[in-house]
Amino acid sequence: MDKEYEETGKIPLIGSAFPKMVVQTSHGMKKLPMDYQGKWFVLFSHPADFTPVCTTEFVSFSRHYDDFQALNTELIGLSMDQVFSHIKWVDWIKENIGDEIKFPIIADHGECARKLGMLHAKATNTVRAVFIVDPKGKIRAILYYPAEIGRNMDEILRMMKAFQVATKHDVAIPANWPNNELFGDHVIVPPATDVKTAKERLESKDHECLDWWMCHKKLD
Ligand code: BEZ
């Protein structure tokens, strides 16, 4: 485990390197983030195996698995259940619902959960956390949901698409993209930070602007 987090008790934030750790999963031992170098990964925790909301989430992740793969993104689950429980639960989902869970699930004893701030106020089970980590092992987004509310996989997928578009085209992504109320599927041109660029923004034919600091464009 990374010394920085072990010694200070700090939780990694957006922009930090994902803490190095060796974890036991239903697909064997994995080294994070090294084993996923060159790929994005979504690490998500759930409160417990064999619980209804968590089961709906796993089925939903499973049905979006190919969409994540198409975005060079691996999924990794985590809870503080034993690996035997993960194996039995995955079997139960296959036998009773028919969905195959193709991604590994970490069997954590609390070490990983504590490092990632997944155990909230007096909780003995992990909350529904999502860490999105880029191909260089940097944390790019963190979401926390309470036990009683299942996550929206479409939003997690939208974030994966948005990251890849934003990085490739050096743009920002508006609310509800690609169905934004003001700009539809257009993306945001990062605001000008000097007078000359601000003036050019309003004159350029490459994009449309409401003002020099609010310009948007359609991607080809
Ligand atoms: C569930 O997955 O159904 C659940 C788990 C923990 C608390 C509440 C609901």
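Atoms within a ligand are numbered from 1 in the order they appear, just like the ligands themselves. Small disclaimer: the values here were computed from a predicted structure and weren't measured. The first residue of the sequence shown is numbered 1, and numbering continues consecutively from there.
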Find all protein N or O atoms under 3.5 angstrom from an N or O atom of ligand 1 and list the pairs with distances, or write 'none'.
unit_1, atom_1, unit_2, atom_2, d
ligand 1, 2 (O), Thr51, OG1, 3.0
ligand 1, 2 (O), Val53, N, 3.1
ligand 1, 2 (O), Cys54, N, 2.8
ligand 1, 2 (O), Arg128, NH2, 3.2
ligand 1, 3 (O), Pro52, N, 3.3
ligand 1, 3 (O), Val53, N, 2.7

Do you know which of His46, Glu148, Glu57 makes side chain to side chain donor-acceptor pair (under 3.5 Å) with Arg128?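 Option passing the side chain to side chain donor-acceptor pair (under 3.5 Å) with Arg128: Glu57.
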
Just one of Phe18, Phe68, Phe103, Phe131 clears the ring-ring contact (aromatic ring centres under 6.0 Å, His included) bar with Phe41, so which one?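 Of all the options given, the one that passes is Phe18.
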
Quick one: list whatever passes ring-ring contact (aromatic ring centres under 6.0 Å, His included) with His86, sequence neighbours left out.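 Partners of His86 under the ring-ring contact (aromatic ring centres under 6.0 Å, His included) test: none.
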
Do side-chain atoms of Thr56 reach the backbone of Val53 as a donor and acceptor pair under 3.5 angstrom?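 Pair found, side chain donor or acceptor close to backbone of Val53.
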
Exam field: side chain Glu74 to backbone Gln69, donor-acceptor pair closer than 3.5 Å: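 Answer holds: no.
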
Indicate whether any N or O donor in one side chain lies under 3.5 Å from an N or O acceptor in the other, for Thr55 and Trp92.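 Distance-only check fails for Thr55 and Trp92.
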
